[in-house]
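Just so you know, residue 1 is the first one in the sequence shown, and it goes up from there. Predicted, not measured: the structure shown is a model, and the values here were computed from it.
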Amino acid sequence: MYRLCYSNLGLSTKSMAEHFLRRMFSQKRNLPVLTLFTKDPCPLCEEAKETLEPYKCRFVLQEVDISLPENSVWFDRYKCDIPVFHLNGQFLMMHRVNFKILEQRLAKLEQLDQ
């Protein structure tokens, strides 16, 4: 999507990336990172991502595929427990989205950010 928009403006791929990063980091508030530990296929992970849609403006979703060789540590730890979520690098929840826990932690981070 960005490529089409920016290529019409005559920007190179490098310029597009720089522009995107500038816009992303120039926001006043840094969004927390919600990391989803997943693998393919994972129907529970897909379901969890869908249920998180209403919250997506409050965090950046990062997915870690535990089946990749470079993520073997996470595979050993979470192979039977996905989906697993970390918020800003700290364990948050596993198996299903717990909205109470998510809401509490996001609210706490938002208070600290003000």
Side-chain angles (χ1 to χ4, degrees):
M1 183 164 90
Y2 284 103
R3 171 168 254 162
L4 285 174
C5 297
Y6 291 126
S7 65
N8 291 339
L9 298 173
L11 298 175
S12 68
T13 303
K14 182 179 177 186
S15 296
M16 287 186 289
E18 290 170 351
H19 179 74
F20 177 76
L21 289 172
R22 244 183 270 115
R23 284 190 68 206
M24 192 169 100
F25 290 107
S26 67
Q27 297 174 351
K28 287 183 181 180
R29 194 182 104 176
N30 290 327
L31 293 176
V33 176
L34 182 67
T35 305
L36 165 62
F37 293 90
T38 184
K39 64 180 179 180
D40 189 33
C42 178
L44 288 176
C45 299
E46 294 303 319
E47 179 183 316
K49 286 193 294 186
E50 287 177 26
T51 63
L52 288 170
E53 276 298 309
Y55 289 86
K56 71 179 183 178
C57 63
R58 296 178 65 190
F59 57 79
V60 174
L61 182 64
Q62 172 189 18
E63 293 185 39
V64 175
D65 184 339
I66 64 170
S67 65
L68 297 176
E70 62 266 25
N71 296 326
S72 62
V73 170
W74 298 116
F75 180 82
D76 292 341
R77 187 175 294 171
Y78 294 138
K79 63 185 165 203
C80 298
D81 291 315
I82 59 171
V84 175
F85 293 92
H86 286 194
L87 187 61
N88 284 350
Q90 295 183 335
F91 175 82
L92 182 66
M93 57 193 162
M94 66 171 56
H95 302 148
R96 299 222 183 275
V97 175
N98 182 322
F99 289 104
K100 183 177 180 182
I101 291 172
L102 178 63
E103 184 61 45
Q104 288 173 345
R105 291 280 296 278
L106 287 174
K108 187 177 179 180
L109 289 172
E110 289 165 352
Q111 284 179 337
L112 294 174
D113 198 35
Q114 292 178 355

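From Ile66, atom CD1 reaches atom CG of Asp40 across 11.5 Å, with rounding to the nearest 0.5 Å. Taken from CG in Leu36 to CD in Glu46, the straight-line distance is 8.5 Å, to the nearest 0.5 Å. Residue Arg58 holds its CZ atom at 4.0 Å from CD of Glu103, rounded to the nearest 0.5 Å.
With sequence neighbours left out, the side-chain hydrogen bond (donor to acceptor under 3.5 Å, both in side chains) criterion links Asp81 to His95. With sequence neighbours excluded, the residues forming a salt bridge (charged side-chain N to carboxylate O under 4.0 Å, His left out) with Arg96 are Glu47, listed by chain and number. Every residue was checked against the salt bridge (charged side-chain N to carboxylate O under 4.0 Å, His left out) condition with Lys39, not counting sequence neighbours, and none meets it. Residues passing the salt bridge (charged side-chain N to carboxylate O under 4.0 Å, His left out) test with Lys108: none are found, sequence neighbours excluded. For the ring-ring contact (aromatic ring centres under 6.0 Å, His included) test, residues two or more places apart in sequence or in another chain that qualify with Tyr78 are Phe37, Trp74, His86.
Among pairs with a residue in residues 61-74, those fulfilling salt bridge (charged side-chain N to carboxylate O under 4.0 Å, His left out) read Lys49-Glu63, at least two apart in sequence or across chains.
Nearest heavy-atom pair across Cys57 and Leu31 is O-CD2, 3.7 Å. Cys45 and Thr38 get closest at one heavy-atom pair: SG-OG1, 3.1 Å.
Cluster annotation: Leu34 and Val84 are assigned to distinct hydrophobic clusters (Ile/Leu/Val/Met/Phe/Trp/Tyr, side-chain heavy-atom contacts under 4.5 Å, transitive). Both Ile82 and Phe91 belong to a single network of hydrophobic side chains, linked directly or stepwise wherever heavy atoms of I, L, V, M, F, W or Y lie under 4.5 Å apart. Each of Val64 and Leu61 belongs to its own hydrophobic cluster when Ile, Leu, Val, Met, Phe, Trp and Tyr are linked at side-chain heavy-atom distances under 4.5 angstrom. Note: the hydrophobic cluster containing Leu109 also contains Phe59 (ILVMFWY, side chain heavy atoms under 4.5 Å, direct or indirect links). Under the 4.5 Å side-chain heavy-atom criterion for ILVMFWY residues, a single connected hydrophobic cluster contains both Leu106 and Ile101.
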(request) Verify side-chain contact (heavy atoms from CB on, under 4.5 Å) between Phe85 and Asn98, making sure each step is shown before the conclusion. (result) CA-CA 10 Å; Phe85 293 92; Asn98 182 322; over 6 Å; no
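For the pair Met93/Leu102, a side-chain contact is recorded, criterion being any heavy-atom separation below 4.5 Å from C-beta on.
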